[in-house]
2 protein chains.
Amino acid sequence: MEIGEEVEVVERHMRKMGFRWTSQRSLVTRTVFTSHEHFSAEELLELCRKMDREVSRATVYRTLSMLERAGFVEGLDTGDGGRKFEHVLGHPHHDHMLCNSCGVIIEFFDEELERRQEVAAKLHGFEIQRHSLKLFGICRTCRVRKAEDSSEA
Amino acid sequence: MEIGEEVEVVERHMRKMGFRWTSQRSLVTRTVFTSHEHFSAEELLELCRKMDREVSRATVYRTLSMLERAGFVEGLDTGDGGRKFEHVLGHPHHDHMLCNSCGVIIEFFDEELERRQEVAAKLHGFEIQRHSLKLFGICRTCRVRKAEDSSEA
DNA sequence: ATTGATGCAAAAGATTTGCAAACTG
DNA sequence: CAGTTTGCAAATCTTTTGCATCAAT
C-alpha cells in the first residue's frame, strides 16, 4: 500500500465518523505514514514542522491521539516512562524487542505466542482486546560489540 | 517470606552495594513490601506519609527508583501513560491482564509463553534481560456485568 | 451559518535536580 | 569527619485544556 492510499483510508474513515478533514490532520496523518520508524509525540511534532512550521503542538497531540483511538496508530511504552508510536495500517501485528544498550527496536512475530495468550486469557475468563509484549535486553549488534570490547581489553 | 525478612534482604544488598541505610529508605522499603497491590509513585508517597508525614516526595521517588534499579521492584506501564509498581522479592515472575473497564490487574503465568519468548529472541540473536507482557481487555466480572445489563435492557 | 478545529498560552501531572543542612558509617 | 542522603523548591518534560478565532461542511 502506498502512503497516499493509507492517508485516504484514514480520511474516509474519519469523515465517516463525522470528523472534519483539515489541512493539519492531513499533514499529521501523512507524516505518521511517512515515518517508518518509531517516533515520540515530540518527534512527530518536529517532523510536521519541517513541512509546515506553523502547526501547533496541541493539534499534533490531538491528531495523534485521534489516530490512536481510531486504531491507525499504536503507542508503545519504552519502559523508562517514554512512549513511542508507530502506524498500523498495512502493517501486520507484531511484538517488540528493545535493546537496553543502543535503544534499537526490533519487530517480531510468533504465531504460537499469540495462541498461548488466548489460552491463558480463556483460563481467566478474560477477553483480550489488544496486547503488548516487549522483550528488553541486548541486541545482536551490541552483544557482538561487547564481546569484541572485552577481548581487546 | 515475612515482610521483615524481605526488608532485611534489601538492606543487606544495599549496604553491600555501598549505599547507606537511612530511616527513610527503611520506611519506603517497608511500605513497598507491605503493599500487596500495584501502586503508583504518588500512592507510595501517600502510604509512606501515613507512617511519617515528613518524608519528602524526592526521597520516595529516589528510593523507589533505587529499588527498581536493584531489581526489588518492577515498573508496569498501564498503557494510558501511567506507571504502577510492584515488589518482586519472594514474588515469582508473572505477566498481567489489565481490564479496560474496571481497571483491575490480574496476574498470570504460562510456562510455554516464557519458552516461546526465548525461542523468538534466539532467532534474532537477542538476549532477554526482562520482559513485559500485558493483555488489555475485559475481565470476567465486567463481561458478566455487561451481559446482564444488555439482557435487562 | 453552524459547529467543529486550531493556536496560543497557561495549566496540569509526574518526575528530576541543585543546593544547603542533616545524618551515616 | 568525610561523603551521602535528605528536604525543599524550582526546574523539566510531556501532555492537556480553556478560550477566542478560524475554517469545513
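Quick note on labels: first sequence line is chain A, next is B, and so on, each numbered from 1.
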Q: Mind running side-chain hydrogen bond (donor to acceptor under 3.5 Å, both in side chains) on His38(A) and His87(A) for me, showing each step along the way?
A: CA-CA 9 Å; His38(A) 298 79; His87(A) 58 249; over 6 Å; no
Q. Looking at Tyr61(A), does any N or O in its side chain come under 4.0 Å of the phosphate oxygens OP1/OP2 on dT15(D)?
A. yes
Q) Could one point to a donor on the side chain of Arg62(B) or the base of dG7(D) with an acceptor on the other under 3.5 Å away? A) yes
Q.
Taking only side-chain N and O atoms of Gln24(B), does any of them lie within less than 4.0 angstrom of OP1 or OP2 on dG7(D)?
A. yes
Q: Taking only the side-chain nitrogens and oxygens of Thr22(B), find out if one of them lies under 4.0 Å from OP1 or OP2 of dT6(D).
A: yes
Q: Kindly say if Arg57(B) contacts the phosphate of dA9(D), meaning a side-chain N or O under 4.0 Å from OP1 or OP2.
A: no
Q. Ignoring hydrogens and geometry, is there a side-chain-to-backbone donor-acceptor pair from Glu43(A) to Ser40(A) under 3.5 Å?
A. yes
Q: Determine yes or no for a side-chain-to-main-chain donor-acceptor pair under 3.5 angstrom, with Thr34(A) supplying the side chain and Arg30(A) the backbone.
A: yes
Q | N-O pairing of Glu68(A) and Arg83(A) below 4.0 Å | A | yes
Q: Give Arg25(A) one of three labels, base, sugar-phosphate or nothing, depending on what nucleic acid heavy atoms sit under 4.0 Å from its own.
A: sugar-phosphate
**Q.** Minimum-distance nucleotide to Arg20(B) side chain [options: dG25(C), dA9(C), dA23(D)]
**A.** dG25(C)
**Q.** Residue mapping more 5' on DNA chain D - nearest nucleotide basis, Arg83(A) or Phe19(B)
**A.** Phe19(B)
Q. So which nucleotide from dA5(C), dG7(D), dG7(C) ends up closest to the side chain of Ser56(B)?
A. dG7(D)
Q) How do Glu42(B) and Arg15(B) order along DNA chain C: which one's closest nucleotide is nearer the 5' end? A) Glu42(B)
